[in-house]
Amino acid sequence: MPLQSTLCYDVWVNVLALLEHRADVLAVMSTCHDLNYAGAKYALAFRVVIGSMGRLISFCEFLLRDINNRGPFLHELMLTFKLDNLDPYSSGEEDDDDVYSSGEEEDDSSVSMRDEEEALHGIALLSQVFRGSPNLKCLDIQCFELLMERRQDLVEAFTQLRSLVYLRTNTFGLSSLSALEGLVAPLVTVDLCFWWPWASKAADVLRLIAPFRNTLQKAVLYLSDVSGGEYPLEATTPSFPHVRSLSLRGLDRGISLPLMRHAFPNVQDLTMTDLRLTSTQLGHMRQQNVIVGRTPGWQSLRRLFGDFMPLYNLGLTLYRVWRVDVCRVHPHGDSMIALNHLIVTTQPSRLLIHFDHRCQSPDIDAFIHLFDPGNPCVTGFALDVPSHHVMRPDTGMVPQFLVRATPSMLRLLRNSLPLFLYLGPPQCDADAAPQPRYVRPPHPTRGARLPPRRRRGKPCEGRRAPRTGRA
């Protein structure tokens, strides 16, 4: 005899509203048809993460069975899969285990055709989901360009997402350009990659995100052109007064301080990584930035993060900031002189230095005299030292650093106690093949907070999205 619950239907629906984990919601939904129907909106209140095209098709079919009642409860959608079989610029490498696991090999043309048909079917369903999801706020698509270029109706459906506040993409192209140009949404955070292998020149990023200038608060831009070369500073160059956090990564074309100060006048957190220019280009770029850096501006700047080369060549002068996190520092004479100049010009209260893990023989003397005759502005100090340079008595950085420290350095250590010391990973292989330039670089290690503080919640980062109301 089957067991029957003594709780009424309305009580179970209220129980669904109190559950904090998706697995618990799905477990209750699987008990009967009525709860399966009622629990759909509570399951959609969580972030939806899809890792394959097959799962995307299944999810879209589930949503489209009752799109009018289920679509409005979809708030966050992440598509993390890649369409390598359909990408003409993919490496084309196959895993040997996959090739020989079945004992039979399928024809490449038949596999590609089947993948193409599945992708077209999934894209068609996704366009219908976009049209039926008026409250979609956060969208993260790994293969953005590959999806957009296959169906024009997906581009049109994407431009109708009027409630979108967070957008993250990993590829770029003509279809992505058309989709972003037609989007009319109050975007608050964008995380965009502008790797475009077949383009003759870089995209005009500032004008591309100009429609969101009144709402944009945080921007993460990969491989964007902020050098002022192809797109110099003009009277019509857009400005983003509400952006407080700016991250620029993959700076292949350089940095223009006048352009950045005009485009982002009120930025507080600035991150810059992966500056790939020759020494001659770096010298010319820094010379132009220093001239502008001597004039007042960027009074709101409080935190600098990123690699040593872009931070130094940005040319900031007399810009007092609260914290500087500098990565990929080579502890040698010239680098220490440049780092000392960066510290003097920015005058940080908190300083965190990450030494390059690939360096072979650090110059202890150059590092010890880094703070001579002393920087009284630095009150919190932290080091990220490679583990193979730490505790060796003869050449270890920590023993030599403590034994041979100057009075100004000892005074800094005394004032900044407790000293934060991070041991980095073992020595990296210097001869290892570099990653492709279009791959997103890793986020710079920021270490512990100085002093520790509680992290505040950010939009679209919680476990559960806000609800629009009860049915």
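Owing to the predicted nature of the structure, the values given are computational and were not obtained by experimental measurement.
For Gln152, there are no side chain to side chain donor-acceptor pair (under 3.5 Å) partners two or more places apart in sequence or in a different chain. Scored by the side chain to side chain donor-acceptor pair (under 3.5 Å) test, His242 finds no partners at all (sequence neighbours excluded). Scored by the side chain to side chain donor-acceptor pair (under 3.5 Å) test, Ser349 finds no partners at all (sequence neighbours excluded). For Phe240, the ring pair (Phe, Tyr, Trp, His ring centres under 6.0 Å) partners are Phe264, not counting sequence neighbours. Looking at residues two or more places apart in sequence or on another chain, you find no ring pair (Phe, Tyr, Trp, His ring centres under 6.0 Å) involving Tyr231.
Results of the side chain to side chain contact (heavy atoms under 4.5 Å, CB included) test with Leu180 over Leu167, Ile209, Leu187, Thr169 single out Leu167 as the only residue that passes.
Within a 6.0 Å radius of CZ in Arg22, more than 12 heavy atoms belonging to other residues, nucleotides or ligands are found.
With hydrogens and angles disregarded, a donor-acceptor distance shorter than 3.5 Å links the side chain of Asn289 to the backbone of Ile255.
No side-chain donor from either of Ser300 and Arg244 sits under 3.5 Å from a side-chain acceptor of the other.
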Stepwise side chain to side chain contact (heavy atoms under 4.5 Å, CB included) check, Thr171 with Leu146:
CA-CA 8 Å; Thr171 54; Leu146 293 177; 5.6 Å; no

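Salt-bridge formation is detected for the pair Asp274/Arg328: a Lys NZ or Arg NE/NH1/NH2 atom is positioned less than 4.0 Å from an Asp or Glu carboxylate oxygen.
For the ring-ring contact (aromatic ring centres under 6.0 Å, His included) condition, no pair includes a residue of residues 272-293, sequence neighbours left out.
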